[in-house]
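One structure is given here, and the rest of the page talks about it.
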Amino acid sequence: MRVGTIGTSVITERMISALQQAGHPVVAVCSRSAAKGREFADRHGVKKAYSDLESMLQDPDIDTIYVASPNSLHYGQARRALKTGHDVICEKPFTSTREQAVDLFETAEKHGRRIFEAITTLYTPNYRLLKANLEKIGQPRVINCSFSQYSSRYQSYLDGQVTNVFDPAYDGGALRDLGVYNLHFVTGLYGMPDTMQMVTQRGYNGVDLDGTVILGWQDKHAVLTQAKNCSAPNCVLVEGEKGTLMVQSSPGRVQNLRFVPLKGDMIGKTEEDLSADIGIIQDENHMVYEVMEFARIMEENDESAYREAMAQTLRVMDILDTLDPRPGAEVCRQTA
Ligand SMILES: NC(=O)c1ccc[n+]([C@@H]2O[C@H](COP(=O)([O-])OP(=O)(O)OC[C@H]3O[C@@H](n4cnc5c(N)ncnc54)[C@H](OP(=O)(O)O)[C@@H]3O)[C@@H](O)[C@H]2O)c1
(Lines give C-alpha, C1' and ligand atoms only; values in the text may rest on other atoms or scores of the structure.)
Protein backbone atom coordinates (compact mmCIF):
# COMPACT_ATOMS: atom_id res chain seq x y z
CA MET A 1 0.00 0.00 0.00
CA ARG A 2 1.11 3.56 -0.71
CA VAL A 3 -1.08 5.63 1.52
CA GLY A 4 -2.57 9.10 1.74
CA THR A 5 -4.19 10.01 5.06
CA ILE A 6 -7.13 12.26 5.98
CA GLY A 7 -7.14 13.93 9.41
CA THR A 8 -4.32 15.11 11.65
CA SER A 9 -5.40 13.95 15.09
CA VAL A 10 -3.70 11.39 17.30
CA ILE A 11 -5.39 8.46 15.59
CA THR A 12 -3.82 9.38 12.25
CA GLU A 13 -0.46 9.60 14.00
CA ARG A 14 -0.95 6.09 15.34
CA MET A 15 -2.01 4.80 11.93
CA ILE A 16 0.95 6.42 10.17
CA SER A 17 3.31 4.76 12.60
CA ALA A 18 1.49 1.39 12.22
CA LEU A 19 1.70 1.66 8.42
CA GLN A 20 5.38 2.59 8.52
CA GLN A 21 6.09 -0.22 10.99
CA ALA A 22 4.39 -2.71 8.67
CA GLY A 23 6.41 -1.45 5.69
CA HIS A 24 3.72 0.57 3.88
CA PRO A 25 4.91 4.06 2.92
CA VAL A 26 2.74 7.03 3.79
CA VAL A 27 3.10 9.24 0.75
CA ALA A 28 0.94 12.22 1.74
CA VAL A 29 -1.29 13.66 4.41
CA CYS A 30 -4.37 15.81 3.91
CA SER A 31 -5.43 18.56 6.29
CA ARG A 32 -7.87 21.41 5.80
CA SER A 33 -5.05 23.71 6.81
CA ALA A 34 -1.95 23.81 4.61
CA ALA A 35 0.29 24.91 7.49
CA LYS A 36 -1.03 22.24 9.86
CA GLY A 37 -0.71 19.59 7.16
CA ARG A 38 2.91 20.56 6.37
CA GLU A 39 3.88 20.53 10.04
CA PHE A 40 2.11 17.17 10.58
CA ALA A 41 3.78 15.63 7.51
CA ASP A 42 7.23 16.83 8.61
CA ARG A 43 6.73 15.47 12.10
CA HIS A 44 5.97 12.01 10.71
CA GLY A 45 8.52 11.85 7.92
CA VAL A 46 5.86 12.17 5.19
CA LYS A 47 6.91 13.95 2.01
CA LYS A 48 3.73 15.58 0.74
CA ALA A 49 0.93 17.54 2.37
CA TYR A 50 -2.33 18.44 0.65
CA SER A 51 -4.95 20.88 1.83
CA ASP A 52 -7.78 19.49 -0.24
CA LEU A 53 -8.85 15.93 -0.79
CA GLU A 54 -9.40 16.19 -4.54
CA SER A 55 -5.74 17.13 -5.12
CA MET A 56 -4.54 14.23 -2.99
CA LEU A 57 -6.81 11.88 -4.94
CA GLN A 58 -5.11 12.98 -8.17
CA ASP A 59 -1.66 11.98 -6.88
CA PRO A 60 -0.55 8.93 -8.89
CA ASP A 61 1.85 7.84 -6.10
CA ILE A 62 -1.06 6.98 -3.80
CA ASP A 63 -3.14 3.80 -4.08
CA THR A 64 -4.80 3.69 -0.64
CA ILE A 65 -6.63 6.33 1.39
CA TYR A 66 -6.96 6.20 5.18
CA VAL A 67 -10.05 8.09 6.37
CA ALA A 68 -9.84 9.40 9.95
CA SER A 69 -12.19 12.37 9.82
CA PRO A 70 -15.25 12.98 12.04
CA ASN A 71 -17.66 10.06 11.69
CA SER A 72 -20.30 11.71 9.51
CA LEU A 73 -17.70 12.55 6.86
CA HIS A 74 -16.44 8.99 6.34
CA TYR A 75 -19.04 8.10 3.74
CA GLY A 76 -18.52 11.00 1.34
CA GLN A 77 -14.72 10.89 1.55
CA ALA A 78 -14.45 7.11 1.26
CA ARG A 79 -16.85 7.09 -1.68
CA ARG A 80 -14.85 9.73 -3.50
CA ALA A 81 -11.62 7.80 -2.87
CA LEU A 82 -13.13 4.58 -4.22
CA LYS A 83 -14.52 6.34 -7.27
CA THR A 84 -11.07 7.72 -8.07
CA GLY A 85 -9.59 4.22 -7.99
CA HIS A 86 -8.24 3.89 -4.44
CA ASP A 87 -8.49 1.19 -1.83
CA VAL A 88 -9.75 2.59 1.46
CA ILE A 89 -9.14 2.00 5.14
CA CYS A 90 -11.98 3.79 6.92
CA GLU A 91 -12.12 4.46 10.65
CA LYS A 92 -14.90 3.18 12.85
CA PRO A 93 -17.85 3.64 12.93
CA PHE A 94 -17.80 2.87 9.23
CA THR A 95 -20.63 5.13 8.05
CA SER A 96 -23.69 6.95 9.38
CA THR A 97 -26.16 4.31 8.22
CA ARG A 98 -26.19 0.73 6.99
CA GLU A 99 -27.46 1.94 3.62
CA GLN A 100 -24.32 4.05 3.18
CA ALA A 101 -22.14 1.09 4.18
CA VAL A 102 -23.76 -1.11 1.54
CA ASP A 103 -23.26 1.64 -1.00
CA LEU A 104 -19.53 1.86 -0.18
CA PHE A 105 -19.04 -1.88 -0.58
CA GLU A 106 -20.92 -1.80 -3.88
CA THR A 107 -18.92 1.19 -5.07
CA ALA A 108 -15.68 -0.61 -4.17
CA GLU A 109 -16.79 -3.66 -6.12
CA LYS A 110 -17.79 -1.60 -9.12
CA HIS A 111 -14.38 0.06 -9.23
CA GLY A 112 -12.39 -3.09 -8.48
CA ARG A 113 -11.19 -1.74 -5.13
CA ARG A 114 -11.35 -2.87 -1.48
CA ILE A 115 -12.64 -1.00 1.55
CA PHE A 116 -12.03 -1.98 5.18
CA GLU A 117 -13.34 -0.74 8.51
CA ALA A 118 -10.41 0.01 10.82
CA ILE A 119 -11.84 -1.74 13.85
CA THR A 120 -8.79 -2.83 15.84
CA THR A 121 -10.57 -5.43 18.00
CA LEU A 122 -11.14 -8.03 15.32
CA TYR A 123 -7.53 -8.16 14.11
CA THR A 124 -5.66 -8.39 17.41
CA PRO A 125 -3.91 -11.71 18.05
CA ASN A 126 -5.63 -12.00 21.43
CA TYR A 127 -9.10 -11.70 19.93
CA ARG A 128 -8.19 -14.51 17.56
CA LEU A 129 -6.84 -16.55 20.47
CA LEU A 130 -10.03 -15.94 22.40
CA LYS A 131 -12.07 -17.19 19.47
CA ALA A 132 -9.86 -20.28 19.14
CA ASN A 133 -10.36 -21.04 22.86
CA LEU A 134 -14.12 -20.58 23.03
CA GLU A 135 -14.76 -24.29 23.46
CA LYS A 136 -12.98 -24.12 26.87
CA ILE A 137 -15.95 -22.32 28.45
CA GLY A 138 -18.59 -24.77 27.23
CA GLN A 139 -22.01 -23.33 26.52
CA PRO A 140 -21.67 -19.50 26.58
CA ARG A 141 -24.35 -17.76 28.65
CA VAL A 142 -23.42 -14.17 29.49
CA ILE A 143 -21.01 -11.73 27.85
CA ASN A 144 -20.03 -8.53 29.61
CA CYS A 145 -18.13 -5.86 27.70
CA SER A 146 -17.28 -2.48 29.16
CA PHE A 147 -15.65 0.44 27.48
CA SER A 148 -15.73 3.55 29.65
CA GLN A 149 -13.27 6.26 28.80
CA TYR A 150 -13.59 9.68 30.40
CA SER A 151 -13.16 11.94 27.42
CA SER A 152 -10.50 14.63 27.42
CA ARG A 153 -13.15 16.75 25.66
CA TYR A 154 -15.93 16.14 28.22
CA GLN A 155 -15.17 19.14 30.44
CA SER A 156 -15.30 21.51 27.48
CA TYR A 157 -18.59 19.87 26.46
CA LEU A 158 -19.95 20.60 29.94
CA ASP A 159 -18.68 24.16 29.56
CA GLY A 160 -20.72 24.52 26.38
CA GLN A 161 -18.08 23.82 23.72
CA VAL A 162 -19.34 20.94 21.61
CA THR A 163 -16.50 19.13 19.81
CA ASN A 164 -17.24 16.68 16.99
CA VAL A 165 -17.25 13.58 19.19
CA PHE A 166 -20.06 15.11 21.30
CA ASP A 167 -21.97 16.43 18.32
CA PRO A 168 -24.86 14.35 16.91
CA ALA A 169 -24.47 16.23 13.63
CA TYR A 170 -21.05 14.57 13.23
CA ASP A 171 -22.37 11.21 14.44
CA GLY A 172 -20.69 11.69 17.80
CA GLY A 173 -21.70 10.00 21.03
CA ALA A 174 -20.65 7.10 23.20
CA LEU A 175 -22.34 4.36 21.20
CA ARG A 176 -20.66 5.24 17.93
CA ASP A 177 -17.33 6.16 19.49
CA LEU A 178 -16.87 3.37 22.06
CA GLY A 179 -19.91 1.09 21.94
CA VAL A 180 -18.96 0.12 18.43
CA TYR A 181 -15.97 -1.88 19.82
CA ASN A 182 -18.30 -3.80 22.17
CA LEU A 183 -20.66 -4.53 19.29
CA HIS A 184 -17.86 -5.81 17.07
CA PHE A 185 -16.46 -7.90 19.91
CA VAL A 186 -19.65 -9.84 20.58
CA THR A 187 -21.08 -10.06 17.08
CA GLY A 188 -17.65 -11.16 15.86
CA LEU A 189 -18.08 -14.14 18.20
CA TYR A 190 -21.77 -14.90 17.98
CA GLY A 191 -23.22 -13.12 14.96
CA MET A 192 -26.41 -11.07 14.84
CA PRO A 193 -28.50 -11.14 18.02
CA ASP A 194 -32.22 -11.87 18.00
CA THR A 195 -33.11 -8.96 20.27
CA MET A 196 -31.51 -5.64 21.16
CA GLN A 197 -32.21 -2.74 23.47
CA MET A 198 -30.35 0.25 24.87
CA VAL A 199 -30.64 2.56 27.84
CA THR A 200 -28.74 5.79 27.47
CA GLN A 201 -28.20 9.15 29.15
CA ARG A 202 -28.12 12.08 26.82
CA GLY A 203 -26.45 15.44 27.25
CA TYR A 204 -27.98 18.90 26.69
CA ASN A 205 -27.63 18.63 22.89
CA GLY A 206 -29.11 15.14 22.71
CA VAL A 207 -25.82 13.28 22.31
CA ASP A 208 -25.52 9.95 24.12
CA LEU A 209 -22.90 10.34 26.85
CA ASP A 210 -23.16 6.79 28.13
CA GLY A 211 -25.32 3.76 27.64
CA THR A 212 -25.91 0.08 28.19
CA VAL A 213 -26.87 -2.21 25.35
CA ILE A 214 -28.40 -5.63 25.93
CA LEU A 215 -28.25 -8.11 23.08
CA GLY A 216 -30.09 -11.42 23.26
CA TRP A 217 -29.62 -14.73 21.47
CA GLN A 218 -31.73 -17.78 22.20
CA ASP A 219 -29.15 -19.33 24.56
CA LYS A 220 -27.11 -16.35 25.79
CA HIS A 221 -27.11 -12.59 26.21
CA ALA A 222 -24.59 -9.75 26.26
CA VAL A 223 -24.47 -6.62 28.42
CA LEU A 224 -22.37 -3.90 26.80
CA THR A 225 -21.53 -0.60 28.46
CA GLN A 226 -20.04 2.48 26.86
CA ALA A 227 -19.37 5.81 28.57
CA LYS A 228 -17.54 9.00 27.77
CA ASN A 229 -18.44 10.70 31.09
CA CYS A 230 -16.77 8.25 33.47
CA SER A 231 -13.91 5.81 33.51
CA ALA A 232 -13.35 2.26 34.75
CA PRO A 233 -10.91 -0.63 34.49
CA ASN A 234 -12.41 -1.91 31.26
CA CYS A 235 -12.80 -5.61 30.70
CA VAL A 236 -14.61 -8.30 28.77
CA LEU A 237 -16.01 -11.47 30.34
CA VAL A 238 -17.28 -14.27 28.15
CA GLU A 239 -18.95 -16.55 30.66
CA GLY A 240 -19.87 -20.12 29.92
CA GLU A 241 -21.04 -23.18 31.81
CA LYS A 242 -17.45 -24.47 32.15
CA GLY A 243 -15.56 -21.25 32.75
CA THR A 244 -14.88 -17.70 31.65
CA LEU A 245 -12.61 -16.06 29.13
CA MET A 246 -11.52 -12.74 30.52
CA VAL A 247 -9.90 -9.77 28.78
CA GLN A 248 -8.48 -7.22 31.19
CA SER A 249 -8.44 -4.21 28.89
CA SER A 250 -10.82 -2.32 26.67
CA PRO A 251 -12.41 -4.37 23.89
CA GLY A 252 -10.49 -2.16 21.48
CA ARG A 253 -7.08 -3.43 22.61
CA VAL A 254 -7.85 -6.97 23.80
CA GLN A 255 -4.93 -7.27 26.22
CA ASN A 256 -4.38 -9.75 29.07
CA LEU A 257 -6.45 -12.70 27.97
CA ARG A 258 -7.07 -15.31 30.70
CA PHE A 259 -9.08 -18.48 31.06
CA VAL A 260 -10.79 -18.82 34.43
CA PRO A 261 -12.18 -22.30 35.03
CA LEU A 262 -15.60 -22.67 36.63
CA LYS A 263 -15.50 -22.27 40.40
CA GLY A 264 -19.09 -23.07 41.16
CA ASP A 265 -20.46 -22.48 44.63
CA MET A 266 -17.48 -21.47 46.83
CA ILE A 267 -19.27 -21.54 50.22
CA GLY A 268 -17.06 -23.35 52.74
CA LYS A 269 -14.27 -23.97 50.22
CA THR A 270 -10.84 -22.37 49.96
CA GLU A 271 -10.18 -20.50 46.81
CA GLU A 272 -7.34 -21.60 44.57
CA ASP A 273 -6.46 -19.50 41.54
CA LEU A 274 -6.61 -21.91 38.65
CA SER A 275 -6.86 -19.22 36.02
CA ALA A 276 -4.21 -19.11 33.30
CA ASP A 277 -2.89 -16.60 30.80
CA ILE A 278 -3.69 -17.72 27.31
CA GLY A 279 -2.98 -14.49 25.45
CA ILE A 280 0.20 -12.90 24.17
CA ILE A 281 1.80 -9.55 24.86
CA GLN A 282 0.76 -7.58 21.83
CA ASP A 283 2.58 -4.81 20.00
CA GLU A 284 2.28 -1.46 21.75
CA ASN A 285 0.65 -0.09 18.58
CA HIS A 286 -2.23 -2.54 18.18
CA MET A 287 -3.25 -0.86 14.89
CA VAL A 288 -0.39 -2.68 13.23
CA TYR A 289 -2.43 -5.91 13.18
CA GLU A 290 -5.31 -4.53 11.12
CA VAL A 291 -2.83 -2.96 8.70
CA MET A 292 -1.07 -6.30 8.20
CA GLU A 293 -4.36 -8.14 7.68
CA PHE A 294 -5.78 -5.61 5.19
CA ALA A 295 -2.53 -5.78 3.22
CA ARG A 296 -2.57 -9.58 3.29
CA ILE A 297 -6.18 -9.75 2.08
CA MET A 298 -5.34 -7.46 -0.82
CA GLU A 299 -2.05 -9.13 -1.71
CA GLU A 300 -3.46 -12.66 -1.58
CA ASN A 301 -6.81 -11.60 -2.97
CA ASP A 302 -8.44 -13.44 -0.05
CA GLU A 303 -12.05 -13.03 -1.09
CA SER A 304 -13.43 -15.05 1.78
CA ALA A 305 -11.68 -12.95 4.47
CA TYR A 306 -12.79 -9.78 2.67
CA ARG A 307 -16.42 -10.95 2.55
CA GLU A 308 -16.33 -11.83 6.25
CA ALA A 309 -14.93 -8.38 7.13
CA MET A 310 -17.69 -6.80 5.05
CA ALA A 311 -20.41 -8.94 6.65
CA GLN A 312 -19.09 -8.04 10.10
CA THR A 313 -19.20 -4.32 9.36
CA LEU A 314 -22.75 -4.64 8.05
CA ARG A 315 -23.85 -6.51 11.18
CA VAL A 316 -22.68 -3.66 13.36
CA MET A 317 -24.17 -1.01 11.06
CA ASP A 318 -27.46 -2.89 11.28
CA ILE A 319 -27.39 -2.74 15.07
CA LEU A 320 -26.42 0.95 15.09
CA ASP A 321 -29.33 1.73 12.75
CA THR A 322 -31.71 -0.09 15.07
CA LEU A 323 -30.44 1.19 18.41
CA ASP A 324 -29.76 4.79 17.45
CA PRO A 325 -30.95 5.74 13.99
CA ARG A 326 -29.91 9.40 14.43
CA PRO A 327 -33.01 11.20 13.22
CA GLY A 328 -32.29 14.76 12.28
CA ALA A 329 -28.50 14.43 12.32
CA GLU A 330 -28.14 15.14 8.64
CA VAL A 331 -26.37 18.47 8.84
CA CYS A 332 -22.76 17.40 8.37
CA ARG A 333 -23.17 14.38 6.15
CA GLN A 334 -21.58 14.54 2.74
CA THR A 335 -23.16 12.47 0.04
CA ALA A 336 -20.74 13.08 -2.81
N1 LIG B 1 -9.24 3.21 15.86
C2 LIG B 1 -9.12 3.91 16.98
O3 LIG B 1 -8.55 3.46 17.97
C4 LIG B 1 -9.71 5.29 17.02
C5 LIG B 1 -9.42 6.11 18.08
C6 LIG B 1 -9.91 7.41 18.03
C7 LIG B 1 -10.71 7.83 16.98
N8 LIG B 1 -11.00 6.96 15.97
C9 LIG B 1 -11.84 7.38 14.85
O10 LIG B 1 -11.07 8.27 14.06
C11 LIG B 1 -11.91 9.29 13.51
C12 LIG B 1 -11.40 10.64 13.91
O13 LIG B 1 -11.60 10.81 15.29
P14 LIG B 1 -11.02 12.08 16.05
O15 LIG B 1 -11.48 12.01 17.44
O16 LIG B 1 -9.58 12.23 15.78
O17 LIG B 1 -11.85 13.22 15.29
P18 LIG B 1 -11.62 14.81 15.20
O19 LIG B 1 -10.46 15.18 16.06
O20 LIG B 1 -12.91 15.46 15.44
O21 LIG B 1 -11.26 15.00 13.66
C22 LIG B 1 -10.24 14.27 13.04
C23 LIG B 1 -9.58 15.10 11.95
O24 LIG B 1 -10.53 15.45 10.97
C25 LIG B 1 -10.35 16.81 10.58
N26 LIG B 1 -11.61 17.52 10.91
C27 LIG B 1 -12.03 17.92 12.12
N28 LIG B 1 -13.20 18.57 12.02
C29 LIG B 1 -13.53 18.56 10.72
C30 LIG B 1 -14.62 19.09 9.99
N31 LIG B 1 -15.60 19.77 10.57
N32 LIG B 1 -14.63 18.91 8.66
C33 LIG B 1 -13.63 18.25 8.04
N34 LIG B 1 -12.57 17.74 8.70
C35 LIG B 1 -12.51 17.89 10.01
C36 LIG B 1 -9.20 17.38 11.39
O37 LIG B 1 -8.04 17.40 10.57
P38 LIG B 1 -7.60 18.77 9.88
O39 LIG B 1 -7.91 19.88 10.82
O40 LIG B 1 -6.13 18.58 9.72
O41 LIG B 1 -8.32 18.85 8.58
C42 LIG B 1 -9.01 16.37 12.50
O43 LIG B 1 -7.67 16.16 12.84
C44 LIG B 1 -13.31 8.99 14.03
O45 LIG B 1 -14.02 8.28 13.06
C46 LIG B 1 -13.08 8.13 15.26
O47 LIG B 1 -14.15 7.25 15.53
C48 LIG B 1 -10.49 5.72 15.97
Side-chain angles (χ1 to χ4, degrees), residues 4-19 28-41 43-44 46 49-56 65-78 80 88-96 100-101 116-124 147 149 151-154 156-157 161-185 207 226 228 234 249-255 282-291 294 313 316-317 320 331-334 336:
T5 62
I6 302 174
T8 50
S9 71
V10 70
I11 199 59
T12 305
E13 294 187 357
R14 299 273 293 169
M15 179 54 96
I16 289 176
S17 113
L19 286 161
V29 303
C30 183
S31 167
R32 292 164 300 167
S33 147
K36 190 174 167 189
R38 189 62 264 159
E39 186 278 325
F40 186 78
R43 195 150 36 90
H44 298 286
V46 177
Y50 290 98
S51 57
D52 76 292
L53 179 57
E54 285 307 318
S55 307
M56 186 164 80
I65 299 293
Y66 168 62
V67 179
S69 51
N71 300 338
S72 64
L73 307 184
H74 293 179
Y75 172 64
Q77 293 174 335
R80 198 61 207 128
V88 175
I89 299 173
C90 181
E91 266 306 332
K92 42 57 63 173
F94 195 59
T95 47
S96 302
Q100 289 181 350
F116 300 94
E117 181 181 12
I119 179 77
T120 49
T121 306
L122 305 177
Y123 303 100
T124 60
F147 200 162
Q149 195 172 70
S151 171
S152 57
R153 300 165 198 169
Y154 184 52
S156 44
Y157 172 78
Q161 275 182 312
V162 179
T163 49
N164 301 332
V165 80
F166 286 107
D167 191 343
Y170 284 100
D171 287 341
L175 178 68
R176 281 175 163 75
D177 190 43
L178 303 175
V180 77
Y181 292 100
N182 294 333
L183 293 174
H184 271 293
F185 200 110
V207 78
Q226 66 273 347
K228 294 190 69 62
N234 293 311
S249 79
S250 79
R253 285 187 177 266
V254 202
Q255 293 278 32
Q282 296 178 161
D283 198 289
E284 186 275 324
N285 188 347
H286 62 310
M287 293 176 84
V288 80
Y289 300 113
E290 61 190 7
V291 165
F294 300 154
T313 288
V316 168
M317 290 313 307
L320 290 177
V331 190
C332 298
R333 286 186 191 150
Q334 288 179 358

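Indexing begins at 1, ligand by ligand and atom by atom, following the structure's order.
- Arg153 meets the salt bridge (Lys or Arg N to Asp or Glu O under 4.0 Å) test with no other residue; sequence neighbours excluded.
- Residues that satisfy the salt bridge (Lys or Arg N to Asp or Glu O under 4.0 Å) test with Arg43, not counting sequence neighbours, are Glu13, Glu39.
- Under the side-chain hydrogen bond (donor to acceptor under 3.5 Å, both in side chains) criterion, Ser69 pairs with Gln77, sequence neighbours left out.
- Remark: Lys228 is not positioned above the aromatic ring of Tyr154, lacking an NZ or CZ atom under 6.0 angstrom from the ring centre and at most 45 degrees off the axis.
- Residues Thr120 and Glu290 have side chains that never bring a donor and an acceptor to within less than 3.5 angstrom of each other.
- Between Arg32 and Asp52, none of the side-chain N atoms (NZ, or NE/NH1/NH2) sits under 4.0 Å from a carboxylate O, so this pair counts as no salt bridge.
- Using a heavy-atom distance under 4.0 Å as the criterion, the protein contacts of ligand 1 are Gly7, Thr8, Ser9, Ile11, Ser31, Arg32, Lys36, Ala68, Ser69, Pro70, Asn71, Leu73, His74, Glu91, Lys92, Pro93, Arg153, Asn164, Tyr170, Asp177, Tyr181.
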